[in-house]
Structure formats: C-alpha cells, structure tokens
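Structure record follows, encoded as structure tokens.
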There are 2 protein chains.
Amino acid sequence: AFSSAQTSKRVSVTKVRATAIEAENYVKQAPQTLVRPGIDTEDSMRARFEKVIRNAQDSICNAISEIDGKPFHQDAWTRPGGGGGISRVLQDGNVWEKAGVNVSVVYGTMPPEAYRAATGNAERLKNTGDGGRVPFFAAGISSVMHPRNPHCPTMHFNYRYFETEEWNGIPGQWWFGGGTDITPSYVVPEDMKHFHGTYKAVCDRHDPAYYEKFRTWCDEYFLIKHRGERRGLGGIFFDDLNDRNPEDILKFSTDAVNNVVEAYCPIVKKHMNDPFTAQEKEWQQIRRGRYVEFNLVYDRGTTFGLKTGGRIESILMSMPQTASWLYDHQPKAGSPEAELLDACRNPRVWV
Amino acid sequence: AFSSAQTSKRVSVTKVRATAIEAENYVKQAPQTLVRPGIDTEDSMRARFEKVIRNAQDSICNAISEIDGKPFHQDAWTRPGGGGGISRVLQDGNVWEKAGVNVSVVYGTMPPEAYRAATGNAERLKNTGDGGRVPFFAAGISSVMHPRNPHCPTMHFNYRYFETEEWNGIPGQWWFGGGTDITPSYVVPEDMKHFHGTYKAVCDRHDPAYYEKFRTWCDEYFLIKHRGERRGLGGIFFDDLNDRNPEDILKFSTDAVNNVVEAYCPIVKKHMNDPFTAQEKEWQQIRRGRYVEFNLVYDRGTTFGLKTGGRIESILMSMPQTASWLYDHQPKAGSPEAELLDACRNPRVWV
C-alpha cells in the first residue's frame, strides 16, 4: 500500500511533539502552507490534501458570503511543532445565523480511545492495549451552516486525511474520510432530489458503487441512537477509505468538496425569503436541539476533538447559535413536522 | 457490610428481566409503590428510599408550583418486570422556563460500560472483562430547574440508591450518590453563601468532614474538561457512598433532599422580578449552552441513561428550553460576565 512517507522526508511526530496538541500561536495571515515546510514536501499527500481544502475553504466562503451579504471573520494560528488552522465564521448574518468553515492541519499524538473515536475501524485496534499515545497527522476541512429561515436546511460537510505512525505493533496507517449531509426542518422532495442527485453524480464519476454505499453509511452514521432517528435527511459519508490508490481517493474527495456549493446553495436561495410562522421557527429550534445531541454524544469529529484538546471554539463552531428542548414534544399526526420526523426515522431513497 | 438482601426477599433481577430496560406502560395514577410488592418489602432499603424520594418530589413540586403559579404536568409509568417512574414537568411557566422533577425505580441489566458510567469507582471494575450484563436496581430523584430571569440561578439535584448483583466474580454492591448544585449566570456572593451555607449545615449534622469533601467533589465533578471551567458555582456532590451504616447514609440523603427548597427558593424569590437587559439574557443563553455541553458529554446520569435505554424524555428533561452558542464569545474584562467565568474557572469557598 501507498504511504505518504514515500514522498515526504518524514520526521517522527513523536520526536517533534511531546504533548497532545500544542497551544495556538495566532497569526494575522495564514501561512501559504500549514504542513511542515521542507519536511512534508509539496508533492506529499499531506501538502496536496491541504491545498485542496484550502482552495475549497476560499471558494465556499466566497459563495456563502455573496448570498448572505456579510463577510466571514477569520482566525488563523500555527503551532510550534508544525500545523495550524484557519477558522472562518459568519455569525448573525442575513441568511445564516451561523456558518463556519474550518481548515486544520494537526501533528499530534492521541490516546488510544481518541484513536478509536477517530477511526471507524475498531477491528484494527483490537488487542492493542492502552499503553502510550498514538502519533498522527491529520488535515481536514469541516463546516456547518445554520440558516435563519426554517425552510432553509442546515448543511454539514467534512473531508479529512489521516495518517498514524507505527504504534504498539500496528504499522502506520493512512485513510480518507468525509461526507456532505443535509438537515432540513421540513421535507421538500425536489430539494432532496437536487442535493442527493448532485452527490450521486459526484460518486458515479469515481465508482458506480460509491453512492449507494456512502448514502447508506451516512444514514447509519448520523443516527441519534437514543432517539432512533437521524439528525437529518442524509447525504454521503465515508471513513477509513484506503482500499485503492490514494490518488483516486484524493480525486474523489476533491470532487466531493468542490460540489458543496452546487449541492446546497440553490436550495438556500430558493427558500431564504420564504415566509414562516412562529411554530415553524420553534420546530427548527427543536431540530437544532437534536443536532446538538448528535454532535456532543455521537459525532466522531467532535468527540475526537474534545479528547485531543484541539481548539474548542473551532470544534464547537458546529453548534447552532440557538437551540431548544421541549419536554416530550410530539408533532401532530399528518403535520409537516411529523413528515420530517418520519423521514428521519425511516431513511428514504431520494434519487 | 450491610446488604438490602437482608431485608428483602430478593429475586434475581436476571430472572425477571431479559432486556436492558423494558418498555413503559403509562398509567393515569402512579401506584403507591414502584418497587416490586411482596418481593422488596416495606422495610427494605429499596422501598424506604423510594418513600423518601416520592415525598420529596411532592413537597418540592408544591413549593415550586406555588412560586410559579403554574402546575406541573405528570407522566407516570410502570414496567412489566417491576419499577417505573414519575416525571413532573413545568414548562413555559411564569418564573421557570422549564422545571422538572423525576422519580424513577429501575430493575435492569446494564452493559459493563454503563456500570462504569454509573459508578465513580473505576477500581472496582478493573480486570473484570466485558462479558455479560450487570443486573442492577436503582432508585433516584433528579431535577433541573431553569428560570427565565437571568438573575435567577438554575438548580440541579439528584439523590440515588443503587444495588448491583453478583457479576463476573464481583459481589453485589450497594451505594448512595447525589448532590445539589447551583448554576447562576451572575455571581451574587450573599446568594452563594445562603445556598452553600444551607448545605454546609445539612452536612455538619451528619459528619463534620462531609461539607468540605462533598463541596470539593462537586467542583471536580461538574468540570467541563474541554473548557477548563465548571458548569456552575458548586454545591455538594457524592457518589459510591457506602463507607458506613446505610441507615446513616439514608438519613443524610433524606436531610439533603429535604433542604432543596430552603437552599434554592429564597434566591429565586429574591430575583424573579429583577429587571434585565437583552445582553444579560444572551449571557444566560450562552451559559445554558455550557450546561448542555456538560450534561451530554460528561454527566454520569445522562450518559448512563442514554446507554441503558431509559425514558429519553425524562433523561433529557435536564436540557434547558433554550440555549445558545456564539463563536469565541469572550466577556469583557472586569464585566459581571467575566466575574462569573472566573468563579467557574477558579472555584471559590463560599462559607
């Protein structure tokens, strides 16, 4: 199997970094690259993946900002041993209550339980004991956008590239993960057909089996187990992807992240001026409470981030600006709210 | 050591119950007792503890309702193999946005990871393997009250009695746990002196070492690790308490739960009509976001409940009706908001 070690003069992460993740040094302008210059070279997968997500951050933020009319606020930082991040947040916008797009590059070490949270592959970690910390490299882009209008869906995407070094007898690993998924408060079948259709087309360009596989995986992943309902109406999700040439997976990931705007923005533009009632706004708030429940209890990225001591404000940027919990709220049978709940409980095939 | 088996004709829980927790059968009126009649006799610790928490539920709900002017809504249920619950919720009240007081009695079996979440005593569970499920009995009262006015604090209490049966070579255990803690949005030293003073007096009546020990434990327990700040301004917390005659711990728990009204209500009455600004309301919402973070990520009762498949609406009754997350919110230095944050980061000794 390919390893990025072949194309980068890799220095063991363990020698560079003693603690989990070092403190951030805030910088006015993000450096050209967040990977370690001269160590992880331009042609390494680490550097190339970073380029993909940096470009995507620029183009997606531009598209969102143009619709909203308000610019993103940026925070950028580096860390002494290499890596860093760029958080861009649009808060209290005209169309979005809160929209954030983060890029981060991390050289770190993680406790075994965080390794388990980072990878869906539990099998790989069986019988390894809990000794020591696992050195890793991770680069990723992640984003959540919560619009004001309850007829505009929330959208989330995340694309990431991971490498671990040899640890407790397990050789170093690399894998890709990611996905884009949508969380409306109301079911609008044509919108779902557009969103899922866009991603089906992306998938089909790379592997005819991808869409079916990643759509199903998405419905499984975003299950709020204690409620027996999904966070939203799906999309695509994949993890631990390393079953083929990494170049092919890089191409697929690039195509997927570059189609976020096309999949999402037309739906927002269509509904951003829809009239809505106080009840519809309340229902959106209740669904946001569910969003919070999923993210804090189950989401792998969030629990991984909280355990490894990453930058909290960037990790929890995914939280909605407002959310609500009502005791034993049950939508009326036959109502549009009940219809949404049904679609969250029984995932549908949209395309 | 004492075991409630001495005073109750105990039937192995494993024989009665196959699944984790059975489905609820809703009942119009809660039965006189939720323990298994004829098996767990009136003089058993199980039945006596239930009586304490049922009486407390009545008296606390009455006191809150009298202040608020609105009654509690009640849901009650039993389960085929014994046990059940009574949830009382006051939502959209005049003084409280949401106030809930739950009583539950559970005969169940839990996976080992839930056992670990249920007890703070990790040592006890070392080297036991993960095989099988642990049969247990649990009875508890739990409550969270979220007022409207940002100058009125949120308050939480929980008192519980646990028994496990023999499992994987570990003999059956019993222990008490509980505590009452307060979460204001602003620091009012006299209020904290009143609240902590009430519980110091309760503790001192039972053991001069209790208050210092349980106050410290509370500050440790309610730490939001990823933020390095506590959920609120403390109170008392204890778990795994079985170091003395259970009669004495029952007396202490009874005294503690019976002082909730005295510790909390005068503070609410004092501030319920305080004028407040939009900024103060927003700050309260941000602190409620932190409350949600603690409960969903760290709280033992919540994670235990979600894992064992208890009644979700009762478990998540603790969620505030409204909460908010703002990106990188930093209170101005010297502001009352910064003062609260400082007290959450550096626990103070109030009495």
Side-chain angles (χ1 to χ4, degrees), chain A residues 24 26 72-75 87-92 97-100 102 113 144 146 224-229 282 285-286 288-299 302-330, chain B residues 26 72-75 87-92 97-102 113 144 146 224-229 282 285-286 288-299 302-330:
Chain A
E24 300 93 21
Y26 287 91
F72 277 77
H73 163 87
Q74 173 171 306
D75 286 315
S87 272
R88 290 200 192 141
V89 180
L90 193 165
Q91 199 165 264
D92 260 329
E97 265 189 22
K98 201 167 162 194
N102 289 337
E113 65 267 24
V144 179
H146 296 288
I224 304 169
K225 287 188 197 74
H226 58 266
R227 296 202 184 259
E229 65 188 48
E282 184 184 67
Q285 298 297 297
I286 293 171
R288 290 204 171 149
R290 303 287 208 271
Y291 208 89
V292 169
E293 284 179 31
F294 178 83
N295 284 22
L296 292 181
V297 180
Y298 302 108
D299 184 59
T302 306
T303 55
F304 174 78
L306 297 181
K307 275 175 189 155
T308 48
R311 185 172 180 264
I312 294 307
E313 289 302 328
S314 298
I315 297 164
L316 294 181
M317 190 203 63
S318 61
M319 296 290 109
Q321 183 163 335
T322 54
S324 179
W325 283 265
L326 296 184
Y327 175 75
D328 207 15
H329 183 271
Q330 309 282 0
Chain B
Y26 288 91
F72 278 76
H73 163 88
Q74 173 170 309
D75 286 315
S87 272
R88 290 201 192 140
V89 181
L90 191 166
Q91 198 165 264
D92 260 329
E97 264 189 25
K98 203 168 161 193
V101 186
N102 290 338
E113 65 268 25
V144 179
H146 296 287
I224 305 169
K225 288 188 196 72
H226 57 268
R227 296 200 184 261
E229 66 188 47
E282 185 184 65
Q285 297 297 296
I286 293 171
R288 290 204 171 149
R290 304 287 208 271
Y291 208 89
V292 169
E293 285 179 31
F294 179 82
N295 285 22
L296 292 180
V297 179
Y298 302 108
D299 183 58
T302 306
T303 56
F304 174 79
L306 296 180
K307 276 174 187 154
T308 47
R311 185 173 180 263
I312 294 305
E313 289 302 329
S314 297
I315 296 165
L316 295 181
M317 190 203 63
S318 61
M319 297 288 109
Q321 183 163 336
T322 55
S324 178
W325 283 265
L326 297 183
Y327 174 75
D328 207 14
H329 183 273
Q330 308 284 359

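A note on names: the letters A, B, ... follow the listed sequences, proteins ahead of strands, and every chain is numbered from 1. Basis for what follows: all heavy atoms, side chains included, without hydrogens, waters or symmetry-related copies.
Of the listed residues (Lys98(B), His146(B), Gln321(B), Met317(B)), just one forms a side chain to side chain contact (heavy atoms under 4.5 Å, CB included) with Trp325(A), and that residue is Lys98(B).
A distance of 9.5 Å separates CG in Leu326(A) from CD in Glu313(B), rounded to the nearest 0.5 Å. Within the model, atoms CG of Leu296(B) and OH of Tyr298(A) stand 9.5 Å from one another, a figure rounded to the nearest 0.5 Å.
Heavy-atom pairs under 4.5 Å with chain B peak, among Lys225(A), Gln285(A), Glu97(A), Arg311(A), at Arg311(A). Ranked by heavy-atom pairs shorter than 4.5 Å toward chain A, the options Ala323(B), Gly305(B), Ser324(B) are led by Ala323(B). Looking only at heavy-atom pairs under 4.5 Å with chain B, the residue among Val89(A), Val297(A), Asp92(A), Thr322(A) that has the most is Val89(A).
Annotation: side chain of His226(A) is not in contact with side chain of Ile315(B) (no heavy-atom distance under 4.5 Å). By the 4.5 Å heavy-atom criterion applied to side chains, Asp328(A) and Gln91(B) are not counted as neighbours.
For the salt bridge (charged side-chain N to carboxylate O under 4.0 Å, His left out) test, no residue two or more places apart in sequence or in another chain qualifies with Asp299(B).
Interface with chain A: from residues 288-295 of chain B, residues Val292(B), Glu293(B) qualify, criterion being any non-hydrogen pair under 4.5 Å.
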